[in-house]
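Encoded as structure tokens, the structure appears first; notes follow it.
Both counts, for ligands and for their atoms, begin at 1 and track the order of listing. For the numbers below, each heavy atom of this structure counts, side chains included, while hydrogens, waters and symmetry mates do not.
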Amino acid sequence: MLKNKEERQNDLDPQETTEWLEALEQIVDESGPGRAAYLLETLLKHAAAAGVSVASKINTPYLNTIPAHEEAPYPGDRALERRIKSIIRWNAAAMVVRANKYDPNIGGHVSTFASLATISEVGFNHFFRGSYGEEAGDLVYYQGHASPGVYSRAFLEGRLSEDHLLNFRHELRDKPGLSSYPHPWLMPDFWQFPTVSMGLGPINSIYNARFLRYLENRGLLAKTDRKVYAFLGDGEMDEPESTGALHIASREKLDNLCFVINCNLQRLDGPVRGNGSVIQEMEGIFRGSGWNVIKVLWGSDWDELFARDSKGLLLKRMEECVDGEYQNFKARGGAYVRKEFFGKYPELLALVEDKTDEELGQLRRGGHDPVKVYNAFKRANEHKGQPTVILMHTVKGYGLGEAGEGKNIAHNQKKLNEEELFYLANRFDLPLSKDDVHAISFMKPAGDSPEVRYLKERRESPGRYIPARAPKKVTLKAPALEIFSESLAGSRGREASTTTAFVSVLKAVLKQPEIGKYVVPIIPDEARTFGMESMFRERGIYASGGQLYKPVDSDVLMYYKESQQGQILEEGITEAGSMASFTAAGTAYANVGVPTIPFFIYYSMFGFQRIGDLVWAHADSRGRGFLIGGTSGRTTLPGEGLQHDDGHSHVLSSVIPTCKSYDPAYAYEIAVIVQDGIRRMYENCEDHFYYLTVCNENYVQPPMPAGPNVAEGILRGMYRYQASETGPAQVTLLGSGPILNEAIKAQKLLADKYGISADVWSVTSYTELRRDALIIERWNRLHPVEEPRKPYVVESIGGLDMPIIAASDYLKIVADQISPWLPGRLTALGTDGFGRSENREHLRRFFEVDAASIAGAALSRLATWRRYDPAKAQQAILDLGLNPGGIDPSLA
Ligand SMILES: Cc1ncc(C[n+]2csc(CCOP(=O)(O)OP(=O)(O)O)c2C)c(N)n1
Ligand SMILES: [Mg+2]
């Protein structure tokens, strides 16, 4: 074995090697690289059969993927484009430096865009197409902290005013401001995709490109050659979300997707891979994941050096250097490059003896050369059958010189002094006077200047600007509540869960001719858990290439049907990917004018706490749709234990401003919420979304109670479900989800055993009750002379002179949300602590949310209110089987 290794590493017969190499060269010369590749591949197969193992190499040499002789000439006016780019560079830097001069610590970034400017400008001038009328536009995800560059271009295009630039990161003043990063929520006419939480752009762009294909295959969107571009940082690629879904893009053959990775070799603190090569690492990952990889490493000025380097020493030296050294070569200047890079080999030193140190320092990286960048984009656009990634080799803080170029401090550099600003102006030949630099003035060529005219021409048709968010007003008519008659009527004595109830609500929506086709069910491999498997055959599972096999269960009614027109997105075990699909579907109304209604149903424990940031970005995207947390409730999901039993998703969902969270108890509540949700989101075009928890406990689903305020109460958060039948209530019981049944049982217990009358309310949403109360409280605070208004919770139960026991299957803090408006009255029972593997009965007793615990709490509270004898209350607690000395579940 050792011998074999030695043989492989040392050339034992150089003459034989030379003969083989010459033979290969001859084939390349005479028959071309295609024939040479064929022969090599055939040789490899033959070798494998003969027992010669040659590990296939995933990397190509550290060279540009597109050789100089294959390049297309640059189609634009290079000189004019450079002038425009320089102005954009200046204004982008000026915006940040000014903001920080007059408002220290307001933040912003200079160095990211400095490294991206050429790539971004070539893209804008020659590739990215904005939507225009009915013409489809490209979707572009920008690197979030390069936003000053995007604003700066929009300023030259006349889309943003000087006031905007002056108010970068000043969004709350009397003049229009610009948000720090791409935020559709804050700049709804401008930004489409929130990207600055690293890693979300990559996964969301993949699933968005895939969703476009889904819409096309289902006939909901015309087929176009629209592209999805995602600009990403090389540091950003370390996020698991960045690379975790690459295989989806290749499996789905997303040639409508192009990643552009700005490989400036640095992240915030320092080099991304100081001791290695981030570009080669990325190449391996992407090629291994089935992507087309284009490396843009070296600028045109290296071409003639490569041409003269007959021995391949230049490439050898390049491959020896780690990224930490490449960073030095840019930060330390030409003399250093001569000594440390070329100086390693005398032949390389000789190769550059005709060049000055300055020239060596200016040898460009590929991502700063428009010709190389143009050709990469062009080839990516022409590539079929695979997604493309362009790895652009750049310099962080390009052009900043001493102020940060290639330095570790580059990322946070935002305060350039006057000398550094002068350097920048000179570096890019900007005609700025001393006064202009001193005042950090913005540059704006006149409307009829060649620069502005060129920019506008490049946008092809007036108005085709990008980024632009311009949702078309597409509205759907919400179905009438009556279509859910099955849910409204209840289960007629049969037992059913709220999960089943939800599925029948979903099916009823799907059956609606007008809106059914827009529904997008999204499931991460739990359809059978939720009893949705009949939908496989009814609706089909989306498979871009159709079903290529006969399903194993083809002889049964509910077989596993995959189809190119399938409606269900069965995503497999990826909550993150499913959430990305949810966002693609929930924002399609704005991005492509198709009002798809996503329903993403998942194991609730693996929702907000696992993919909370993607949900947050969904909100920022003004996304719509329904998140359904299945198998929810810490005591309602039996058997599974602490990593499955969700008792806190309602805490997590409550922090998202546009997420309306509901914990429904009964089928009709779900019907009312879903019907009204569709009305508000798709008929009224309100930009919010819903979170409903559903559970797997079977119980009789009652019919919707009569009464004018029930539907309103369900939507606003509470309604009286069952008034006391034994006289005026002495205590109010609040219950949510399946725990409402425990409250009802407690009502009976209290009446039968202790002679206490109680009203029972169903609370569908503490979060909505709190939000309503906060809004009203604020109004009252700001209008002290006006008649105070009443929050809905106060209108409902505020005036009652009695204690309130609120029980839910979630943390106590969920019910406590309404405590401030019920001073001293509310006792929350909830499931604080880790879940356990047990049955429901034991779980509810342990967490003190069962009927006995609710009744005990009611008597105890009545005792402290001096409306019940404390000694009797203590005795009742024992009689009810509660254990005053037992462990506190929140501590166990
Ligand atoms: C999830 C997340 N973690 C941390 C940050 C903070 N952050 C912003 S930019 C940045 C460095 C980015 O480096 P890179 O992706 O290489 O981009 P570059 O600026 O070098 O182009 C960091 C750590 C963030 N925005 N998001
Ligand atoms: Mg970087």
Any donor-acceptor N or O pair under 3.5 Å, side chains Gln280, Lys295:
yes
Side chain to side chain, Ser147 and Trp191, heavy atoms closer than 4.5 Å:
yes
Considering only heavy atoms from C-beta outward, does the side chain of Leu400 approach that of Ser111 to under 4.5 Å?
yes
Under 3.5 Å, is there a donor-acceptor pair between the side chain of Gln386 and the main chain of Gly290?
yes
From Asn262, does some N, O or S atom reach closer than 2.8 Å to the Mg ion (ligand 2)?
no
Should the proximity of Asn264 to ligand 1, defined as any heavy atom under 4.0 Å, be assigned to the side chain, the backbone, both, or neither?
side chain
Contact atoms of ligand 1, heavy-atom distance to Lys396 under 4.0 Å
18 (P), 19 (O), 20 (O)
Using side-chain heavy atoms (C-beta onward) and a distance below 4.5 Å, is Phe600 in contact with His618?
no
Do we see a donor-acceptor contact under 3.5 Å between the side chains of Tyr398 and Thr118?
no
The Mg ion (ligand 2) to nearest N/O/S of Ser115 less than 2.8 Å
no
Look up atom 6 (C) of ligand 1 and tell me if a protein heavy atom lies less than 4.0 Å from it?
no
What atoms of ligand 1 come within less than 4.0 Å of a heavy atom belonging to Asn262?
21 (O)
Tell me whether Met237 reaches ligand 1 (any heavy atom closer than 4.0 angstrom to a ligand atom).
no
Out of all atoms in ligand 1, which are within 4.0 Å of some heavy atom of Thr112? Include the element for each.
18 (P), 19 (O), 21 (O)
Mark up the atoms of ligand 1 that fall under 4.0 Å of a heavy atom belonging to Arg267, in ascending order.
13 (O), 16 (O)
Do Arg159 and Tyr151 get their side chains close enough for a donor-acceptor pair, meaning under 3.5 Å?
no
Note the single closest protein heavy atom to atom 21 (O) of ligand 1, along with its residue, its atom name and the distance in Å.
Gln143 NE2, 2.7 Å
Does the side chain of Lys396 come under 3.5 Å of the side chain of His411 through a donor N or O and an acceptor N or O?
yes
Verify the distance criterion only: is there a donor paired with an acceptor across the side chains of Asn328 and Glu340 at less than 3.5 Å?
no
Considering only protein heavy atoms, which is closest to atom 25 (N) of ligand 1, and at what distance to one decimal place?
Val196 O, 2.9 Å
Just distances here: any N/O of Ser197 and N/O of ligand 1 closer than 3.5 Å?
no
Could you tell me whether some N/O pair between Gly235 and ligand 1 is separated by less than 3.5 angstrom?
yes
Is there any N or O on Gln266 that sits under 3.5 Å from an N or O of ligand 1?
yes
Quick check: Val272 and ligand 1, any N/O pair under 3.5 Å apart?
no
Do Gln143 and Thr112 have a side chain donor and acceptor closer than 3.5 Å?
no
Between Glu81 and His126, do the side chains contain an N or O donor and an N or O acceptor separated by less than 3.5 Å?
yes
Atom 1 (C) of ligand 1 has as its nearest protein heavy atom Glu239 OE2, 3.3 Å
In Asp234, what N, O or S atom is nearest to the Mg ion (ligand 2), if we give its atom name?
OD1
List every atom of ligand 1 that sits less than 4.0 Å from any heavy atom of Leu268, numbering the atoms from 1 in the order shown and giving each element.
11 (C), 22 (C), 23 (C)
If you scan protein heavy atoms around atom 4 (C) of ligand 1, the nearest is Met198 CG, 4.2 Å
Per-atom filter on ligand 1: closer than 4.0 angstrom to a heavy atom of Glu236 are 14 (P), 15 (O)
Would you say Gln609 and Asp646 are linked by a side-chain donor-acceptor pair, where the criterion is simply a distance under 3.5 Å?
no
Heavy-atom distances under 4.0 Å are what count here, so tell me which part of His109 touches ligand 1: side chain, backbone, both or neither.
neither
Would you please say whether a donor-acceptor pair under 3.5 Å links the side chains of Asp613 and Ser197?
yes
